[in-house]
Amino acid sequence: MRAVDIIIKKKQGLVLTEQEIHFMIDGFVKGIIPDYQISALLMAICFKGLNEEERFHLTKEMLESGEQIDLSAVNGLCVDKHSTGGVGDKTTLVVAPIIASFGLKMAKMSGRGLGHTGGTLDKLESIPGFNINVSSKDFFKQVNEIGIAVVGQTANITPADKKLYALRDVTGTVESVGLIAGSIMSKKLASGAKNILLDVKVGDGAFMKTLEDAQELAKAMVNIGTKFGRKVVAMLTDMDQPLGEAVGNSIEVIEAIETLKGKGPKDFVDLCYRICAEMLIISNVCKNQEEAFKQIKEKIDSGEALNKLRLMIEYQHGNSNVIDDYSLFGTAKEEIIVSAKESGYVKKIHTESIGIAAMILGAGRSTMEDIIDPTVGIKALAKKGDYLNVGDPIAIVYTNGKNTQQAINMLYQSYELSNELVKKSDIILDVIGE
Ligand code: URA
């Protein structure tokens, strides 16, 4: 077999065999096939695509390139959720405790934020003392004892994906449904859970800008998961405005805690309920959405869900008193209210710009080496369809002085107003794999 023949075959739009995919990926991981040949193959894939079988073989190859987490040591059914990333996405911090309060196990490995989207690990690290580097022995012990752990990677999973992703990033080959689906699903499959809920974000603040593209990606991922014997449901959810209000680290954790106390922003509460309901239904805990909603509300009203978060913080050496005293997070030096300069209905929100504005204040990273300031960020108060009078607050900026004016200017430019009534949209746009 020769790499060049496989590249030409894909360039001609032909279907690659399992052996050919193995030859290329395995050769790449072992350093036998050089970057320039893999780059050419990736570009050919971007133009010609991968069919279902090819996507399956690519995912399998990436999955088998590294360690796979064996969750059989966990007593109970392990469920997982994954978001493709958005602005203000603190869903895991609410969904994981709720799901654990039903006796299901959330043994979750999360990631860090990059660019305009935040990462769950960075948010958790805004809790004083919170440790995300947990040994696999302690990880299993914690999941068995309290049903919930959210940690950084405990094993070397999918090294092929790491190497491929780095190459895709610099060769303009990230945007290919087959490559994205394989990349995300190989990691999810390696993490071991039987039931997986995918939250595919759609819109200005998301990776997938249109509903059609997101549907195609969601179908590809559900299909791959099913072929590997997992139950997978993908929810397509709106990212044409920040999720909830808070965009930052400690302010997002506070919003998540408020939500577990029954006081979260409506769009965020709706999303958490819908995601939890879907997870409970695919795990045969609840029969339908109505039953699930009722029971989720009981878990919140009784404090059981919040108690799961408290326990997780304690097990991972964080100060759980933050739940009752938010001042323990520390605060930014200044809070600046950004007010409307004209009146009208909020027609469009440039969500990615809000994510970038929060990033330049210090809430996120433009490179993996940047250091995060946990206390800064933005509260995006105005929602699509809201009517604003001159002087009404659009957002609050929490700053320690870094790029403050630039962030404020970006916020002004992020909101488009109209004199015509703008309809509010549902946060769930589609569900695939039910
Ligand atoms: N996230 C991933 O993990 N992989 C991709 O290819 C794109 C987004």
Side-chain angles (χ1 to χ4, degrees), residues 21 24-25 28-29 38-39 41-47 49-50 54-63 65-69 80-87 89 91-92 108-122 152-153 155-193 196-210 213-225 228 230 232 234-237 239 352 355 364-366 368:
I21 292 172
M24 293 302 279
I25 305 299
F28 177 52
V29 173
I38 298 298
S39 304
L41 178 69
L42 291 169
M43 190 57 85
I45 290 174
C46 281
F47 283 116
L50 294 172
E54 291 175 298
R55 289 172 186 173
F56 172 74
H57 295 308
L58 175 66
T59 309
K60 183 162 174 285
E61 208 51 57
M62 294 202 282
L63 171 65
S65 69
E67 289 175 61
Q68 295 176 47
I69 313 288
D80 199 357
K81 80 160 267 288
H82 176 82
S83 158
T84 56
V87 177
D89 188 1
T91 316
T92 293
K108 184 152 175 54
M109 272 175 249
S110 280
R112 295 201 177 276
L114 187 62
H116 72 280
T117 64
T120 304
L121 295 183
D122 299 318
Q153 264 185 25
N156 182 23
I157 63 167
T158 62
D161 175 61
K162 279 193 202 93
K163 230 179 142 185
L164 276 173
Y165 195 86
L167 201 53
R168 287 166 61 208
D169 211 17
V170 292
T171 56
T173 54
V174 170
E175 276 87 13
S176 153
V177 165
L179 295 177
I180 300 173
S183 165
I184 293 176
M185 287 311 291
S186 60
K187 285 180 287 222
K188 282 292 105 183
L189 295 166
S191 302
I196 303 165
L197 187 295
L198 301 169
D199 180 2
V200 181
K201 301 284 183 202
V202 191
D204 188 89
F207 206 46
M208 292 284 138
K209 305 287 182 203
T210 69
D213 287 350
Q215 281 165 329
E216 198 191 343
L217 176 65
K219 281 180 193 152
M221 293 195 290
V222 170
N223 195 285
I224 291 169
F228 280 92
R230 312 288 171 96
V232 186
M235 301 184 85
L236 279 72
T237 71
M239 200 20 84
E352 185 172 348
R365 314 182 171 79
S366 55
M368 261 347 243

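Quantities reported herein were computed from a predicted structural model and do not represent experimental measurements. Remember, it's 1-based here, ligands and their atoms both numbered in the order they're listed. Residue numbers run from 1 in the order of the sequence given.
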>> Checking Ser83 against Thr92 for the side chain to side chain contact (heavy atoms under 4.5 Å, CB included) test, could you report, in this order, the C-alpha distance in whole Å, the side-chain angles of both residues, the deciding distance, and whether it holds?
In response: CA-CA 9 Å; Ser83 158; Thr92 293; over 6 Å; no

> So do Leu217 and Asp213 actually touch side chain to side chain, heavy atoms under 4.5 Å?
Replying inline: no

> When you measure from atom 3 (O) of ligand 1 to every protein heavy atom, which one gives the shortest distance, and what is it?
Replying inline: Lys187 NZ, 2.5 Å

>> Both conditions, 6.0 Å and 45 degrees, for the charged tip of Lys201 above the ring of Phe207: are they met here?
In response: no

>> If you apply the rule side chain to side chain contact (heavy atoms under 4.5 Å, CB included), what do you find for Phe56 with Lys60, and how did you get there?
In response: CA-CA 6 Å; Phe56 172 74; Lys60 183 162 174 285; 4.2 Å; yes

>> So for Ile184, does at least one of its heavy atoms come nearer than 4.0 angstrom to any atom of ligand 1?
In response: yes

> Identify the closest protein heavy atom to atom 7 (C) of ligand 1: which residue and atom is it, and at what distance?
Replying inline: Phe207 CE2, 3.5 Å

> Are the charged groups of Lys209 and Glu352 less than 4.0 angstrom apart, N to O?
Replying inline: yes

> Among all protein non-hydrogen atoms, which one is nearest to atom 4 (N) of ligand 1, and what is the separation to 0.1 Å?
Replying inline: Ser183 OG, 2.6 Å

> Does any N/O atom on Tyr165 come nearer than 3.5 Å to any N/O atom on ligand 1?
Replying inline: no

